[in-house]
Amino acid sequence: MNTLAIPPIPDVQSSVDRRQIAINKVGIKAVRHPIKVSDKSGGVQHTVATFNMYVGLPHNFKGTHMSRFLEILNGNEREISVESFEPMLREMVTRLEAETGHVEMNFPYFINKSAPVSGVQSLMDYDITFIGSIVEGGRYEFTMKILVPVTSLCPCSKKISAYGAHNQRSHVTVTATLNDHLWIEDVVQLVEGQASCEVYGLLKRPDEKYVTERAYDNPKFVEDMVRDVAGLLNSEPRIDAYAVESENFESIHNHSAYALIERDKRVLA
């Protein structure tokens, strides 16, 4: 029996582009995939992450092979782990014949917290992003981004008011480029210690009294928050570079207050 020959399918992505313009990042966004993350207590959290995956495209190629990103993601373990993050990124750069690559992995992370007076326990969720990059020369860089909700109380409001002071929930975000392992819990604890007060998932009435009075006794401007956190990040040897942001969702205004400090400790002052 004669079989019909299948004509070759043209590979348009690999064709030559003559515009001589390289692309910094090209790839896929918003792909969800299961992951597992080790926590400081010795356990493992199973969760779902949203992935963004990119490579740099040289000026002479028309396009990249989008399907290969998903092949790489699904070709690893069923659950991606922190340990497989760098090997996956290097495989991506190799298979897509790129010099640079970038993967972002965003996921919720849970920490069990005890209320300050009653000791009742509840889970707090934190928004985490792991960012891996292969830069020119093949060097691997790892950055961890952590959003920590806290309470801030306005020093000005406390000073000028006969009683009371306005407070608000704030988001402090630390983006840190690391040279060694650093637990998520350590960064969360560092940030929460510099706020007017921590935020908890569950509080009883004695706890509510405590957190209200704790914030009142520890007022912080948005500027205070980022400066106090930056001071501790400066002294952390496992952090090469960082950005710390604070956004205070004002309770007496229809806008937020915001502050940012950035520093690369690898650059001499």
Do the side chains of Phe249 and Val244 join up, straight or via other hydrophobic residues, at under 4.5 Å, putting them in one cluster? no
For the student: nearest non-hydrogen atoms of Met92 and Val55, plus distance: CE-CG1, 3.9 Å
Considering all heavy atoms of both residues, which atom of Pro108 and which atom of Val48 are nearest to each other, and what is their separation? CD-O, 3.7 Å
Stepwise side-chain contact (heavy atoms from CB on, under 4.5 Å) check, Ile146 with Tyr109: CA-CA 10 Å; Ile146 301 177; Tyr109 186 80; over 6 Å; no
Tell me every residue that passes side chain to side chain donor-acceptor pair (under 3.5 Å) with Arg90, counting only those two or more places apart in sequence or in another chain. Glu86
Do any N or O atoms from the side chain of Asn74 and from the backbone of His33 form a donor-acceptor pair under 3.5 angstrom? no
Salt bridge (Lys or Arg N to Asp or Glu O under 4.0 Å) partners of Glu141, counting only residues at least two apart: Arg139, Arg266
Aromatic Tyr216 / basic Lys158 pairing, under 6.0 angstrom, 45° off normal: yes
With the 4.5 Å side-chain cut-off for hydrophobic clustering, are Phe110 and Val199 part of the same group? no
For Ala195 and Val150, work out which heavy atoms get closest and say how close. CB-CB, 3.5 Å
Does the Ser161 side chain pair with the main chain of Ser157, one donor and one acceptor, at a distance under 3.5 Å? yes
Side chains of Glu104 and Thr129, donor plus acceptor under 3.5 Å: no
Looking at Asp224 and Pro155, what are the two nearest heavy atoms and their distance? OD2-CG, 4.3 Å
Do Phe107 and Ile111 belong together in a cluster built from hydrophobic side chains that touch within less than 4.5 Å? yes
When you compare the side chains of Glu185 and Tyr126, does any donor N or O come within less than 3.5 Å of an acceptor on the partner? no
Would you confirm whether Ser251, through its side chain, and Asn167, through its main-chain N or O, come within 3.5 Å as a donor-acceptor pair? yes
Donor-acceptor contact below 3.5 Å, side chain Arg95 vs main chain Arg68: no
Can Tyr200 and Glu208 be said to form a side-chain hydrogen bond (donor to acceptor under 3.5 Å, both in side chains), step by step? CA-CA 10 Å; Tyr200 298 87; Glu208 289 191 29; over 6 Å; no
Apart from Val135 itself, members of its ILVMFWY cluster (side-chain separation under 4.5 Å) are none
Let me confirm one number: the CG-NE2 distance from Leu147 to His171, rounded to the nearest 0.5 Å. 5.0 Å
Gln189, CD: over 12 other non-hydrogen atoms inside 6.0 angstrom: no
Within the side chain of Asn52, is there an N or O that forms a donor-acceptor pair under 3.5 Å with the backbone of Ala30? yes
Evaluate the side-chain contact (heavy atoms from CB on, under 4.5 Å) criterion for residues Leu89 and Phe142: first the C-alpha distance (whole Å), next the side-chain angles of each, then the deciding distance (0.1 Å), finally the verdict. CA-CA 11 Å; Leu89 184 55; Phe142 178 76; over 6 Å; no
Taking the inter-plane angle between the rings of His102 and Tyr54 on a 0 to 90° scale, is it parallel (under 30°), tilted (30 to 60°) or perpendicular (over 60°)? parallel
Residue pair Asp207 / Ser118, side-chain donor-acceptor N/O under 3.5 Å: yes
Using 0.5 Å steps for rounding, measure from the CG atom of Leu57 to the CG atom of Leu96. 9.5 Å
Taking the six-membered ring for Trp, are His253 and His255 parallel (under 30°), tilted (30 to 60°) or perpendicular (over 60°)? parallel
Please check this pair: side chain of Asn218 against backbone of Cys197, looking for a donor-acceptor N/O pair closer than 3.5 Å. no
Residue pair Thr175, Thr143: steps toward the side-chain contact (heavy atoms from CB on, under 4.5 Å) verdict: CA-CA 7 Å; Thr175 306; Thr143 299; 3.5 Å; yes
Would Tyr242 and Phe130 show up in the same hydrophobic cluster when neighbours are defined by side-chain heavy atoms closer than 4.5 Å? yes
Between atom CD of Gln45 and atom CD1 of Ile184, what is the distance when rounded to the nearest 0.5 Å? 7.5 Å
Shortest non-hydrogen separation from Pro116 to Leu203 and the atoms involved: CD-CD2, 3.9 Å
Shared ILVMFWY cluster between Val172 and Val211, side chains joined below 4.5 angstrom? no
With no hydrogens and no angle check, do the side chains of Ser196 and Ser152 hold a donor and an acceptor under 3.5 Å apart? no
Do other residues, nucleotides or ligands put more than 12 heavy atoms under 6.0 Å from Arg238 CZ? yes
Around Lys265, counting heavy atoms of other residues, nucleotides and ligands shown, do more than 12 lie under 6.0 Å from its NZ? yes
Which residues pass the side chain to side chain donor-acceptor pair (under 3.5 Å) test with Asp127, not counting sequence neighbours? Asn106
Lys113 side-chain N/O to Gly201 backbone N/O, donor-acceptor pair under 3.5 Å: no
Side-chain (Asn248) to main-chain (Ser170) donor-acceptor, under 3.5 angstrom: no
Taking only residues two or more places apart in sequence, or in another chain, which ones meet Glu213 in a side chain to side chain donor-acceptor pair (under 3.5 Å)? Lys209
What distance separates Glu91 CD from Ile72 CD1, expressed to the nearest 0.5 Å? 5.0 Å
Return the set of residues passing side chain to side chain donor-acceptor pair (under 3.5 Å) with Tyr258 (not counting sequence neighbours), or none when no residue passes. Glu245
Distance, nearest 0.5 Å, that separates CD of Gln194 from OG of Ser246: 12.0 Å
Are Leu178 and Ile239 close enough, and set up right, to give a side-chain contact (heavy atoms from CB on, under 4.5 Å), and what steps lead you there? CA-CA 5 Å; Leu178 306 180; Ile239 295 177; 3.8 Å; yes
Could you state the interatomic distance from SG (Cys154) to CD1 (Ile252), rounded to the nearest 0.5 Å? 6.5 Å
Please find the pair of heavy atoms, one from Glu262 and one from Ala243, that lie closest to each other, and give the distance. CG-CB, 3.8 Å
